[in-house]
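Okay, so here's the structure we're looking at.
Reminder, nothing fancy here: chain letters follow the sequence lines and each chain counts from 1.
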There are 2 protein chains.
Amino acid sequence: MGYKIGEVARKVGCKVETIRFYEKAGLLPEPSRSAGNFRLYSDSHLEQLRLIRHCRSLDMSLDTIRNLLKLRLHAAENCREINDLVDAHICRVEAQMKLLTHLRGSLQKLRSQCSGPEASGTCEILLELSGCECHGAGVGS
Amino acid sequence: MGYKIGEVARKVGCKVETIRFYEKAGLLPEPSRSAGNFRLYSDSHLEQLRLIRHCRSLDMSLDTIRNLLKLRLHAAENCREINDLVDAHICRVEAQMKLLTHLRGSLQKLRSQCSGPEASGTCEILLELSGCECHGAGVGS
DNA sequence: CTTGACTCTATAGTTACTAGAGGGATTGTA
DNA sequence: TACAATCCCTCTAGTAACTATAGAGTCAAG
Ligand SMILES: [Zn+2]
Ligand SMILES: [Zn+2]
Ligand SMILES: [Zn+2]
Ligand SMILES: [Zn+2]
């Protein structure tokens, strides 16, 4: 008979609307319907939804997950591609980390510019922000 | 007489549309207009836009930047709040980094699950993804 | 006087959902 | 059996920070 959408949502821990959204986005196949037009999900739907949600918790994009789902159709043959997909995602995550590390450095340096309001009559942080060379200050035309 | 929008965009290194967007978003005051209705920016506009773009390059939200601009009206008195704002942003960045670090760990562990397609007739990565406890597998009702 | 580069407004697209309106279905209870 | 509560349905609009059109007007050079 299948699970109704609310039950599924409770099981995997997401909102009902999210499940309908995945269906419209082509990530979850359309389930069968009850006499009263309610969606009725099978265990394989549940499994696939769990996969999607877990991938999302790993911050994979829906597009990446779509690719993964395609590969899943022939999991054994596509083992290599699946590994590649995960590796590519790890790379994205590491790139983000590098960016954030750089950012934190810039912010700490910025933060250290302030020597208190008595020193210059203003807050030096603002001077730094609006007078930066990287956004065109002091560059003729 | 002031700079036209394209000139300003070139100076600070952003798109023309972005500048108009900031105006509509209340981050940049409306500039004066030429006889032909073209926007004409002053040096103080330029400064403020530079501040905005630099803050964006530090990944501050527009809302955070709006707050900063308010504080800027009385920079000396608000020195403390300005520092707090920057500190709060550093905290956000560090929280993100922590999250990414955790994520990378999970991904590397996931990646290590695969023992090649010969072992189990499928790719174990997929089993891990769809059979995870954290999204409800193996939990009765 | 026409071409081309620029500008204007207004609107729709992007990502991954979330929230609501306005209805129908089902269930439990009086 | 009537009614209320709780579910479910579709459709649309909102979020963040832009980006990308469409269709029109402006301006300088040749
Ligand atoms: Zn200061
Ligand atoms: Zn800068
Ligand atoms: Zn594998
Ligand atoms: Zn999981």
Should A/I125 and A/E128 count as side-chain neighbours, where that means a heavy-atom distance under 4.5 Å? no
To the nearest angstrom, the CD-P distance between A/E23 and D/dC8 comes to 14 Å
Taken to the nearest whole Å, CD/B/E7 to C1'/C/dT7 is 13 Å
A/R33 CZ to C/dA25 C1', in whole Å, measures 13 Å
Does B/C14 offer a backbone N or O that forms a donor-acceptor pair with the side chain of B/T18 under 3.5 Å? no
Check your understanding: Under 4.5 Å between any side-chain heavy atoms of A/L46 and A/Y3, yes or no?
Key -> yes
Check: Cation-pi between B/K4 and B/Y41: NZ/CZ under 6.0 Å from ring centre and within 45° of the ring axis?
Finding: no
Applied to residues 17-38 of chain B, the salt bridge (Lys or Arg N to Asp or Glu O under 4.0 Å) test, sequence neighbours excluded, yields B/E23-B/R39
Hey, is the side chain of B/R39 poking within less than 4.0 Å of OP1 or OP2 on C/dT9, counting only N and O atoms?
yes
Going 5' to 3' through nucleotides 15-30 of chain D and flagging B where a protein heavy-atom sits under 4.0 Å of the base, S where only the sugar-phosphate is that close, and - otherwise, we get --BBSS----BSS---
Rounded to whole Å, the CD1-C1' distance (A/I52 to C/dT15) equals 16 Å
Worksheet item: Got a donor-acceptor contact below 3.5 angstrom from the A/H45 side chain to the A/P29 backbone?
Response: yes
